[in-house]
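Can you read through this structure? Questions will come right after.
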Protein chains: 2
Amino acid sequence: MSCAEDCGVRDVQDRLGDKWTVHVVVELSGGVRRFSELQRLVPGISQRMLTLTLRRLERDGLVTRTVYPTVPPQVEYELTATGRDLTGLVRALVDWSLAHRGTIADARRAYDERRRP
Amino acid sequence: MSCAEDCGVRDVQDRLGDKWTVHVVVELSGGVRRFSELQRLVPGISQRMLTLTLRRLERDGLVTRTVYPTVPPQVEYELTATGRDLTGLVRALVDWSLAHRGTIADARRAYDERRRP
DNA sequence: CCGCATCCTATGAGATACTG
DNA sequence: CAGTATCTCATAGGATGCGG
């Protein structure tokens with residue numbers, strides 16, 4: 001590696017690279033959200049994966065979890081300062097992907113065609 | 001998803017999120033590199049994983065592969081225009097990770113400690 | 001409503017051995 | 001030198017059911 005132990009880059013890669021974190025962060029960038037709200041805003045995510053995604057974000061100090069001891073229980077999630085800062089990087093990722101989407105798709109088609117006569 | 005099929009974001013996440021692509025791209029940002037050179041510059045990568053990483057980058061049009069029909073064979077890899085553009089995003093990722101490394105590590109320790117008395 | 005526990009499968013990735 | 005071919009293992013993530 002360019003530097004031993006990856007300088008903490010691995011941790012960020014793991015978040016940005018997994019299936020749901022980017023989507024959840026995008027939704028949380030809109031403000032405070034409840035668990036069920038997030039599950040509705042991120043179609044396809046299971047309860048299990050939403051829980052895991054939020055726990056990991058919470059553990060890294062990117063999201064706060066607030067429990068209101070009501071019946072039924074109510075839990076709110078919100079980006080921390082660091083979490084809001086992360087949205088900048090997420091935007092950069094999404095923007096880059098959209099900007100080069102066509103180019104990459106074309107390259108891929110050309111490559112596959114060259115290998116499949 | 002915010003948009004169906006992830007708008008191509010998934011493809012970029014897969015590259016940035018895997019174990020070796022970022023390291024290989026960083027080394028290629030320094031200019032043309034041979035296969036064996038990359039294997040030396042990216043400690044720990046196996047022949048197999050270097051091959052896979054380079055093939056995926058080539059398929060997406062991010063890297064060119066030039067074979068010189070010499071004996072022994074010589075193959076050179078180089079970033080394309082799109083590939084060089086990708087290094088900007090990679091830098092952003094690395095910079096963000098370094099900038100928040102300490103904060104994240106602290107949050108993680110605090111979280112783990114709260115759960116392990 | 002929110003979330004944990006369990007089971008299961010698909011994929012990423014390491015180790016190793018072999019070739020033009 | 002620059003790969004390909006297998007094998008194996010660890011982990012991400014889906015499905016489902018229970019519990020406070």
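Computed from a prediction, not measured in an experiment: that's the story for all the values here. So you know, we letter chains A, B, ... as the sequences are listed, proteins then strands, and number each from 1.
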Exercise. Is it true that A:D14 and A:R10 make a salt bridge, defined as a side-chain N closer than 4.0 Å to a carboxylate O?
Worked result: yes
Exercise. Between D:dA2 atom P and B:L38 atom CG, what is the distance in whole Å?
Worked result: 9 Å
Exercise. Is the backbone of A:L79 close enough, under 3.5 Å, to the side chain of A:R84 for a donor and an acceptor to pair up by distance?
Worked result: yes
Problem set entry | Spacing of B:E76 atom CD relative to D:dC1 atom P, expressed in whole Å | 15 Å
Exercise. Between B:R109, B:R108, B:R101, which is the residue that forms a salt bridge (Lys or Arg N to Asp or Glu O under 4.0 Å) with A:D60?
Worked result: B:R108
Exercise. On DNA chain C, which is the earliest and which the latest nucleotide, 5' to 3', with an atom closer than 4.0 Å to a heavy atom of chain B?
Worked result: C:dA13 to C:dG20
Exercise. Would you call B:R115 and B:D112 a salt bridge, taking side-chain N to carboxylate O under 4.0 Å as the test?
Worked result: no
Problem set entry | 5' priority, DNA chain C, between B:G17 and A:Q74 [closest heavy atom] | A:Q74
Problem set entry | B:V90 backbone acceptor or donor facing B:T87 side chain under 3.5 Å | no
For this session: Give a yes or no on whether the backbone of B:E78 and the side-chain of B:T64 come within a donor-acceptor separation of less than 3.5 Å.
Result: yes
Exercise. Are any of B:Y77's side-chain N or O atoms less than 4.0 Å away from OP1 or OP2 of D:dC1?
Worked result: no
Exercise. Quick one: is B:S36 getting a side-chain N or O under 4.0 Å of the D:dA2 phosphate, OP1 or OP2?
Worked result: yes
Problem set entry | Interatomic distance, B:W20 atom CH2 to B:I45 atom CD1 [nearest 0.5 angstrom] | 5.5 Å
Problem set entry | Validation row: A:R65, A:R55 side chains within 4.5 angstrom (heavy atoms) | yes
For this session: Any side-chain hydrogen bond (donor to acceptor under 3.5 Å, both in side chains) involving residues 88-98 of chain A? Give me the pairs, sequence neighbours left out, ordered by first then second residue.
Result: A:S29-A:R91, A:W96-B:D85
Problem set entry | Residues touching DNA chain D, which here means a heavy atom under 4.0 Å, drawn from residues 47-68 of chain B | B:Q47, B:R48, B:T51, B:R55, B:R65
Exercise. Tell me: NZ of B:K19 to C1' of D:dA10, nearest whole Å?
Worked result: 11 Å
Problem set entry | Any B:R34 side-chain N or O less than 4.0 Å from OP1/OP2 of D:dC1 | no
Problem set entry | Nearest-angstrom distance from the residue atom CD of B:Q39 to P of D:dT4 | 13 Å
